[in-house]
Colleague: 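Before anything else, here's the structure in question.
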There are 4 protein chains.
Amino acid sequence: MASLPNSHESKQAAILVAALDIFGRDGFADGNVDEIAQRAGVAKPTIYNRFGDKRALFVAAMKLGMAQANERVMAAVQAMNPRPADLRTELEALGAALGTCMTSAEGGAIVRVQVADAARFPELAGDNQRELHIDALAGKLAQLIATGQLRAVDPQLAARQFMVLTTAEALNRSGYGRKPLPRPVLEEIVAAGVDTFLAAFGKDRP
Amino acid sequence: MASLPNSHESKQAAILVAALDIFGRDGFADGNVDEIAQRAGVAKPTIYNRFGDKRALFVAAMKLGMAQANERVMAAVQAMNPRPADLRTELEALGAALGTCMTSAEGGAIVRVQVADAARFPELAGDNQRELHIDALAGKLAQLIATGQLRAVDPQLAARQFMVLTTAEALNRSGYGRKPLPRPVLEEIVAAGVDTFLAAFGKDRP
Amino acid sequence: MASLPNSHESKQAAILVAALDIFGRDGFADGNVDEIAQRAGVAKPTIYNRFGDKRALFVAAMKLGMAQANERVMAAVQAMNPRPADLRTELEALGAALGTCMTSAEGGAIVRVQVADAARFPELAGDNQRELHIDALAGKLAQLIATGQLRAVDPQLAARQFMVLTTAEALNRSGYGRKPLPRPVLEEIVAAGVDTFLAAFGKDRP
Amino acid sequence: MASLPNSHESKQAAILVAALDIFGRDGFADGNVDEIAQRAGVAKPTIYNRFGDKRALFVAAMKLGMAQANERVMAAVQAMNPRPADLRTELEALGAALGTCMTSAEGGAIVRVQVADAARFPELAGDNQRELHIDALAGKLAQLIATGQLRAVDPQLAARQFMVLTTAEALNRSGYGRKPLPRPVLEEIVAAGVDTFLAAFGKDRP
DNA sequence: AATGAATGAGTGTTCATTCAT
DNA sequence: TATGAATGAACACTCATTCAT
């Protein structure tokens with residue numbers, strides 16, 4: 001039994017992970033606190049002692065899930081080389097990374113629950129990740145503009161359109177993360193999205 | 001007694017309309033059959049007599065809602081003039097019409113519930129409207145291609161990207177139909193989408 | 001099966017009787033709705049359908065219990081002959097009747113619950129029976145005063161003191177209705193109370 | 001370490017005081033051990049270490065409360081001058097003191113809880129204070145009889161009736177200690193009680 | 001065909017009590 | 001000895017569903 005280092009924190013984490021699983025699968029209304037407790041390996045009152053009620057548990061789990069998703073998306077954006085040898089290839093890699101984030105089981109679950117339930121939870125309103133992602137991506141695109149690799153356009157707008165051209169389509173095709181999107185399909189979607197993006201914002205027009 | 005208009009069929013309709021309201025607002029799990037019955041002005045067993053159980057009621061209501069949404073989208077697509085005087089203006093009108101469909105209270109509700117619940121209802125899988133809309137739009141774009149108003153591209157792909165460039169962004173901005181999207185915002189989104197679309201698929205490149 | 005005449009009303013009654021039993025025995029906080037349902041022979045939701053929640057059930061049961069107790073007390077008071085052959089005997093009969101009401105299992109239970117819980121239920125404040133009883137008794141005593149059988153005193157005051165001299169002592173001795181008060185003990189208490197009452201309010205002073 | 005005054009014993013006391021407060025306000029069933037611990041400034045297990053379980057805590061707290069109430073009542077009784085200049089005045093002072101004891105917040109709480117819960121706690125049966133009070137008062141009245149200030153009656157009986165004539169009425173009027181009884185009202189009640197008491201047991205009859 | 005009333009099976013939540021430190 | 005944290009057992013209340021009329 002080498003791995004119960006910190007009972008308290010590890011239980012907190014186990015509860016949140018379990019809650020994220022269950023709420024991600026079943027949504028808020030159908031998410032069952034009993035099942036969360038069982039999956040987390042704790043008694044139900046432990047959950048209530050820590051989080052107060054189901055709503056607060058949901059909020060905490062969603063905040064965690066959103067933070068994780070956020071981190072993955074941010075990492076994908078930051079991984080882009082602002083001075084790539086080949087811009088198209090670089091953007092395709094970025095698009096594929098973003099699409100993977102959104103259509104993964106966890107990412108899709110977060111999106112689904114946000115669409116379905118989040119409006120009822122004002123506590124979650126501030127955490128809207130989408131705008132953060134757009135901002136981060138816009139920053140990168142601004143670099144590409146600055147270095148002359150993209151035309152001088154509004155980077156926010158370009159970022160938004162890059163997002164929908166890659167991830168919106170992928171989300172729809174993956175059933176919002178419920179069925180895994182085969183890699184080739186994702187790549188095809190992304191390639192087409194990048195084509196259009198570059199047609200609109202790229203420099204290399206004869 | 002020539003079958004009062006306000007009898008069997010009208011009750012059926014009232015139930016479905018009420019169910020669509022409630023499920024659209026609360027989702028499947030939180031949608032309350034009692035409230036549906038009350039809003040429809042019928043007794044609860046009437047609903048069960050007609051529809052069997054909550055699932056079947058949900059499916060029937062969603063089918064109705066999807067059909068209605070479908071009709072509106074199809075009308076918007078069909079309204080496009082395949083030989084427009086000004087293509088950009090025509091596409092902007094189309095995009096605005098589509099965006100309006102999706103971000104209306106009813107349209108948004110349908111989308112939300114589909115994202116959240118529909119996967120659990122295989123009965124609804126066949127009715128996926130999105131593919132129908134894409135197909136219809138692709139047909140129109142094929143006409144534009146045939147008449148040389150657009151470049152010779154895959155009309156399915158063009159249709160998909162037209163969709164995401166206009167409606168995906170609008171959906172996000174309207175909170176999936178929960179907060180009304182001001183018309184100017186919609187128009188700005190659509191104009192930018194059409195810009196990009198035309199940059200990628202339009203003919204008029206110097 | 002001759003005795004299920006009116007399912008609806010008889011269920012209502014059964015629930016209230018059961019609730020009165022249980023709440024009378026256990027008080028509000030410890031009274032168990034499950035047990036009430038079981039004893040009433042109905043399902044728990046039937047109780048909630050009819051009464052809304054535990055508080056409302058308690059209030060309804062207490063109102064019933066108080067009305068019943070009230071009726072018994074009022075009957076005892078009204079049974080007093082305002083022109084008795086022997087005043088002392090008549091008052092002793094009255095006192096015994098009142099004492100019996102208060103120290104019976106049902107009467108005592110009502111008093112206990114009122115003392116313990118009623119303050120938390122403003123809905124019950126208006127139904128305070130004690131004042132009604134005092135008033136009724138005062139009316140009778142006023143008759144005795146009018147006919148010269150008692151001295152000319154404040155009938156309200158006399159009524160109050162008659163009450164405490166007979167029932168307060170009996171209540172204490174019976175453990176507020178929890179242990180039955182042997183009839184001779186009751187009679188002794190009442191006789192002493194009447195003695196004192198007549199010493200203070202009676203006419204026949206040498 | 002000369003046993004800080006604020007240690008073991010003071011915690012014991014704090015727990016009992018808190019328990020008395022809470023149980024007095026809410027009764028046994030609704031009394032919350034968490035709240036008691038919090039109010040006493042100790043952790044919950046401390047209570048369980050000391051008292052074993054909620055029942056035992058209740059019993060201990062009630063014993064304390066009853067002892068305190070007892071002390072106050074006894075003091076009131078003992079304060080009576082057995083050879084008063086004016087008997088009526090003396091008895092009125094006694095009655096007012098007793099009434100104040102019973103209708104004070106603490107005294108009323110004890111009475112309420114005894115009525116509501118005490119029967120379930122055989123451990124408390126022996127401590128019934130009422131009989132002690134009666135006995136003490138009877139002792140005083142016996143002195144008054146011995147000195148010819150009251151007629152030769154059974155002092156126990158006289159004590160009981162003195163009690164109900166003063167405190168029973170006051171208890172009822174104060175909602176068993178829940179609403180403070182204005183001093184003039186108390187005095188009026190007591191004066192009337194003493195009137196009747198003296199009519200029955202006093203010497204000075206023409 | 002329609003309904004008022006009833007119900008079985010949960011579900012969130014609480015609370016007295018105990019474990020581990 | 002004192003405590004932060006955990007838990008088993010219950011409890012009030014709800015809801016989809018069905019019965020009887």
Side-chain angles (χ1 to χ4, degrees), chain A residues 4 6-9 11-12 15 28-37 40-58, chain B residues 7-8 11-12 15 28-37 41-58, chain C residues 4 7-9 11-12 15 28-37 40-58, chain D residues 7-8 11-12 15 28-37 40-58:
Chain A
L4 292 180
N6 186 328
S7 175
H8 188 212
E9 290 186 23
K11 267 179 187 165
Q12 184 99 352
I15 292 169
F28 175 72
D30 254 2
N32 186 306
V33 180
D34 262 305
E35 193 178 357
I36 292 171
V42 303
K44 221 181 344 173
T46 301
I47 293 180
Y48 282 88
N49 283 341
R50 285 164 183 277
F51 294 96
D53 65 3
K54 191 187 180 185
R55 279 185 62 93
L57 173 62
F58 178 79
Chain B
S7 176
H8 192 101
K11 272 187 183 165
Q12 186 98 353
I15 292 169
F28 175 71
D30 253 2
N32 187 307
V33 179
D34 260 305
E35 195 177 355
I36 292 170
V42 303
K44 232 189 324 180
T46 301
I47 293 180
Y48 282 87
N49 286 340
R50 306 272 186 124
F51 294 95
D53 65 5
K54 191 188 182 185
R55 280 184 61 94
L57 173 62
F58 178 78
Chain C
L4 290 181
S7 176
H8 189 214
E9 290 186 23
K11 267 179 186 163
Q12 183 98 351
I15 292 169
F28 175 72
D30 254 3
N32 185 308
V33 179
D34 262 305
E35 193 179 357
I36 292 171
V42 304
K44 218 183 343 176
T46 300
I47 293 179
Y48 282 89
N49 283 341
R50 284 165 184 276
F51 294 96
D53 65 5
K54 191 188 179 185
R55 281 184 62 93
L57 173 62
F58 178 79
Chain D
S7 177
H8 191 101
K11 270 186 183 167
Q12 188 98 352
I15 292 168
F28 175 72
D30 253 1
N32 188 307
V33 179
D34 260 304
E35 195 177 357
I36 292 169
V42 302
K44 232 188 323 179
T46 301
I47 293 181
Y48 282 86
N49 287 341
R50 305 275 185 120
F51 295 95
D53 65 4
K54 190 188 180 186
R55 281 184 61 94
L57 172 62
F58 177 78

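Naming: A, B, ... by sequence-line order, numbering from 1 per chain.
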Colleague: On DNA chain F, nearest-nucleotide positions of A:Val42 versus D:Val42: which is more 5'?
Modeller: D:Val42
Colleague: Taking only side-chain nitrogens and oxygens of B:Thr46, does any of them come within less than 4.0 Å of OP1 or OP2 of E:dT3?
Modeller: yes
Colleague: Establish, with yes or no, whether the OP1 or OP2 oxygen of F:dA10 is under 4.0 angstrom from a side-chain nitrogen or oxygen of C:Asn32.
Modeller: no
Colleague: Does B:Lys44 make a side-chain donor-acceptor contact with the base of F:dT17, cut-off 3.5 Å?
Modeller: yes
Colleague: Please report, rounded to the nearest Å, how far the P atom of E:dT11 is from the CZ atom of A:Phe28.
Modeller: 13 Å
Colleague: Write down the atom of D:Lys54, the atom of D:Tyr48, and the distance for their closest heavy-atom approach.
Modeller: N-CE2, 4.3 Å
Colleague: Select one nucleotide: of F:dT7, E:dA16, E:dT13, the one nearest the side-chain heavy atoms of A:Pro45.
Modeller: F:dT7
Colleague: Tell me which nucleotide among E:dA2, F:dG8, F:dG4 gets nearest to the side chain of B:Lys11.
Modeller: E:dA2
Colleague: Grab the CD1-C1' distance between A:Ile47 and F:dT7 for me, whole Å please.
Modeller: 12 Å
Colleague: Could you tell me the separation between the CD atom of A:Glu35 and the C1' atom of E:dT11, rounded to a whole number of Å?
Modeller: 13 Å
Colleague: Whole angstroms only, please: what is the CG-C1' distance between A:Asp34 and E:dA9?
Modeller: 13 Å
Colleague: Just the rounded figure in Å: distance from C1' of E:dT14 to NZ of D:Lys54.
Modeller: 11 Å
Colleague: For the side chain of B:Tyr48, starting at C-beta, report the closest nucleotide among F:dT3, E:dG8, F:dT17.
Modeller: F:dT17
Colleague: About how many Å separate CG of C:Asn49 and NZ of C:Lys11, when rounded to the nearest 0.5 Å?
Modeller: 11.5 Å
Colleague: What is the separation between atom CG on B:Asp30 and atom P on F:dA16, rounded to the nearest whole Å?
Modeller: 9 Å
Colleague: Using the closest heavy atom to pick a nucleotide of DNA chain F for each, name whichever of C:Ala29 or D:Gly41 lands nearer the 5' end.
Modeller: D:Gly41
Colleague: Checking side-chain contact (heavy atoms from CB on, under 4.5 Å) between B:Ile47 and each of B:Asp53, B:Asp34, B:Ile36, which is the one that passes?
Modeller: B:Ile36
Colleague: How would you label the contact of A:Gly31 with the nucleic acid (heavy atoms, under 4.0 Å): base, sugar-phosphate, or nothing?
Modeller: sugar-phosphate
Colleague: Would you kindly give the CZ-to-C1' distance between D:Arg55 and E:dA16, to the nearest whole Å?
Modeller: 14 Å
Colleague: Taking the side chain as everything from C-beta on, heavy atoms only, tell me whether C:Ile15 gets closer than 4.5 Å to C:Leu57.
Modeller: yes
Colleague: If you take all heavy atoms of A:Ala43 and A:Ala37, which pair is closest and at what distance?
Modeller: C-CB, 4.2 Å
Colleague: Check every strand shown and say whether D:Asn49 touches a base, only sugar-phosphate, or nothing at a heavy-atom separation below 4.0 Å.
Modeller: base
Colleague: Nearest whole Å is fine: how far is F:dA6 C1' from A:Gln12 CD?
Modeller: 13 Å
Colleague: Determine: side-chain N/O of A:Arg50 to OP1/OP2 of F:dA6, distance under 4.0 Å, yes or no.
Modeller: yes
Colleague: Across all strands shown, which nucleotide pairs with E:dA20 by Watson-Crick or G-U wobble geometry, both distances under 3.5 Å?
Modeller: F:dT3
